[in-house]
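Down below is the structure, laid out as structure tokens.
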Amino acid sequence: MFGRTILSFILFSVLLGLLGRPLSAAETISTELLSVTVDQGRYAIQARRQKTPFATGALRCQGAPQVTSVSDAVFGQGQALTVADPGGAHETFQVFPGLPFVLHQRTLVNASTAATVLNRVPLTDATLELGQPLDRLMALGTGGLYPLAKNTGSYAWMAVADPTSRAGIVGGWLTYGRGSGVIFTKAEDGKLTLEARMEYGGLRLEPGASAASETFLLGWFADARLGMEAWAEAVARHMAIRLPPPPVVYCTWYDNVHRRAGSAASTAELAAFAARELKPYGFTCVQIDDGWQLGEKSNGPRKNFTGHDPKGPYPDGMKPTAAAIQAQGLTAGLWLLPFGGNCKDPFFAPHPDWFVKKADGTPFDNPWGGTCLDMSDPGAREFVRGEMKQAMQDWGYRYFKLDGLYGGMGVQPRYVNSGWQEDNFGEGVFHDQTQTNVEVYRAGLHMVRETVSPQSFILGC
């Protein structure tokens, strides 16, 4: 009886101890610039200059936080703080010396017995604190500079700052391998929140499969303008971007006499003048714009770039004019839409398989850009490769103004100087449905770059 009482007392004491303990001990990772603390299912990010965190939020995964060392090929040796669910899903924060951002990433797991397709996947939900009334703060994103109440969201990056001191918080996506990153802010009940989510269109996960999300960066800066430069620098370093010197280009579209594509005579005259008068000051390229190509005119420009219009401004073809430009010691440039076609054009009629489809099987059109060519379809890919190869190898062009590029992603057009708008990610159906919109698009761009060689300059338009 006495032993049973003692045992009961011990078990009761252990139970009280367990109930009184936190679910998991707090863990912190830090650098000379900032720190991240995870405690009780929440995270807090704090800059060294501040007394309180500038970003706090709830974790999407629940478990005991673990701190490990991490090595990154670009950012060096750092620390990672990971919280994992029993099913294997987890989220991770990383910090690296000298990098003024926290890196945030999730690993998604399909624990069900059926395949699942994900589109809009949230990553970072943070309450931001800048120590100022919300009506004093401004948001700067791809749509421009707005008060918080009028900020509709941004692609890729966003800054929220006090315009008087310029102190602010900068968030941006570091990676874009499989999705398009967007960012939103909301000012409500005296609180400012930021949501960063990835739009995949269709990220397919088979049963038991996992996928790492894209990576989001978040940091506080005494001058948010420098923070935006730091984000751009981080992206450039991570993606190993090495741009060649930009060419100095004359585009015939803006000619006030020979508009659009110019003509064989006017372009040759222009090249001779530019070589004589402008080349000594760094001028390098004459680029021919829209109006030289074949095709039916509907929903934007004609979209058959396999040849020239015999009744158009270059009746003898595109090669002689490229040669005339090159003879002046200049680079010949050409405008075209690599990922845009026209399903109503007889030229494309025999190849309905080349196009991205809607759910009902009809071709996917977008305004002006035309019918989207499906870069996951081998036939469409080889068709575009042939167009680009002909323009470079056979005709002699080495500068390419590539327009309507959104067609390669199978979405509605959005311009970089607009805030977020619904762009129908996920509506386009690709030949290869295991790839996301962005994966298909990136494969198309990679093919174009591979075809025109590193010696050609590509301008995204």
Side-chain angles (χ1 to χ4, degrees), residues 23-24 38 41-43 57-68 70 72 80-94 102-126 155-156 171 173-184 194-218 238 356-361 364 374-377 408-411 420 422-444:
L23 295 176
S24 60
V38 168
R42 295 186 61 81
Y43 68 88
L59 296 169
R60 298 187 182 278
C61 297
Q62 298 297 319
Q66 293 188 337
V67 174
T68 57
V70 62
D72 185 271
L81 203 167
T82 302
V83 178
D85 283 337
H90 57 273
E91 62 183 303
T92 302
F93 298 92
Q94 295 181 354
V102 172
L103 284 66
H104 189 198
Q105 186 185 51
R106 286 174 66 193
T107 294
L108 311 166
V109 175
N110 180 11
S112 71
T113 58
T116 185
V117 177
L118 304 175
N119 184 358
R120 294 177 173 177
V121 177
L123 175 61
T124 305
D125 281 315
Y155 298 95
W173 290 94
L174 177 67
T175 63
Y176 311 85
R178 305 180 77 180
S180 171
V182 294
I183 309 166
F184 305 91
L194 176 144
E195 176 198 355
R197 76 169 185 234
M198 185 57 57
E199 299 191 340
Y200 290 103
L203 176 63
R204 184 179 179 87
L205 290 182
E206 298 296 334
S210 63
S213 76
E214 305 300 325
T215 301
F216 187 69
L217 304 182
L218 194 64
H238 178 79
V356 179
K357 305 297 191 300
K358 298 178 183 177
D360 62 5
F364 189 99
D374 185 348
M375 290 298 98
S376 76
D377 177 79
M409 208 177 295
V411 296
W420 181 86
E422 180 57 65
D423 43 18
N424 307 93
F425 258 65
E427 287 189 8
V429 179
F430 295 99
H431 168 78
D432 183 353
Q433 296 185 38
T434 67
Q435 297 187 54
T436 66
N437 296 65
V438 170
E439 285 178 302
V440 172
Y441 173 64
R442 289 173 68 89

For the residue pair F93 and Y43, is the inter-centroid distance of their aromatic rings smaller than 6.0 Å? yes
Should the heavy atoms of other residues, nucleotides or ligands under 6.0 Å from CD of Q66 be counted, would the total exceed 12? no
State, to 0.1 Å, how close V70 and Q94 come at their nearest heavy-atom pair, and which atoms those are. CG2-NE2, 3.8 Å
Spatial distance of atom OG1 (T124) from atom CG (L217) [nearest 0.5 Å]: 9.5 Å
Specify the closest pair of heavy atoms between E206 and N110, including all atoms of both residues, with the distance to one decimal. O-ND2, 3.3 Å
Contacts of F216 meeting ring pair (Phe, Tyr, Trp, His ring centres under 6.0 Å) (sequence neighbours excluded), chain-then-number -> W173
Given the rule in the salt bridge (charged side-chain N to carboxylate O under 4.0 Å, His left out) test, do R178 and E439 qualify, once you have shown the distances and angles that lead to the verdict? CA-CA 5 Å; R178 305 180 77 180; E439 285 178 302; 3.2 Å; yes
Strictly distance-based, threshold 3.5 Å: is any side-chain N or O of T175 a donor or acceptor partner for the main-chain N or O of T215? yes
4.5 Å side-chain heavy-atom contact, L174 and E214: no
Would you say V429 and V356 make side-chain contact, with heavy atoms under 4.5 Å? no
Interatomic distance, CG@D125 vs CG@L59, rounded to 0.5 Å, equals 11.0 Å
4.5 Å side-chain heavy-atom contact, L218 and H104: no
Please name the residue in the list V67, L81, T82 that meets the side chain to side chain contact (heavy atoms under 4.5 Å, CB included) test with V38. L81
Provide the closest heavy-atom pair for V121 versus R106 in the form atom of the first, atom of the second, distance. CG1-NH1, 3.8 Å
Starting from the C-alpha separation in whole Å, work towards a yes-or-no answer on salt bridge (charged side-chain N to carboxylate O under 4.0 Å, His left out) for R120 and E199. CA-CA 5 Å; R120 294 177 173 177; E199 299 191 340; 3.4 Å; yes
